[in-house]
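Please read the structure below before turning to the comments.
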Amino acid sequence: SAVAPHYILRDEDLAPGLAFLAGRLGLEALDLTAPTPARFELGALYGPELEQAARAAFRRDYARFGFGDWRPV
């Protein structure tokens, strides 16, 4: 059975929304304004096996949202 979400956080309200949720859980909110340096490039990890695993794990999302294969920008 499906369960409706308690909260929906939109991109423009993400920082205050996550701060609110962290507070509800007794946690300190992360600073989302500071950029995080990338530890690796996704292209270095990506391959057909990873795409196949993602499609298997998120089959419904690919179908419902029309996701395609990842491509570097």
(request) Please work out whether the ring planes of Phe20 and Tyr7 are parallel, tilted or perpendicular, with thresholds of 30° and 60°. (result)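 Judged by the thresholds at 30° and 60°, the geometry between Phe20 and Tyr7 is perpendicular.
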(request) Scan for salt bridge (charged side-chain N to carboxylate O under 4.0 Å, His left out) pairs involving residues 4-22, sequence neighbours excluded, and state none if there are none. (result) none
(request) Would you kindly confirm whether Leu14 and Leu30 end up in one hydrophobic cluster when ILVMFWY residues are joined by side chain heavy atoms under 4.5 Å apart? (result) yes
(request) Indicate, with yes or no, if Leu32 and Leu9 share a hydrophobic cluster defined by side-chain heavy-atom contacts under 4.5 Å among Ile, Leu, Val, Met, Phe, Trp and Tyr. (result) yes
What distance do [X] atom [atom1] and [Y] atom [atom2] have between them, rounded to the nearest 0.5 Å?
X     : Y     : atom1 : atom2 : result
Asp69 : Gln52 : CG    : CD    : 11.0 Å
Leu42 : Trp70 : CG    : CH2   : 4.0 Å
Glu51 : Tyr62 : CD    : OH    : 4.0 Å

(request) Assess whether atom CZ of Phe58 is packed by more than 12 heavy atoms of other residues, nucleotides or ligands within 6.0 Å. (result)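 Incorrect, the count does not exceed 12.
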(request) Quick one: closest heavy-atom pair of Phe40 and Leu45, and the distance? (result) CE1-CD1, 3.1 Å
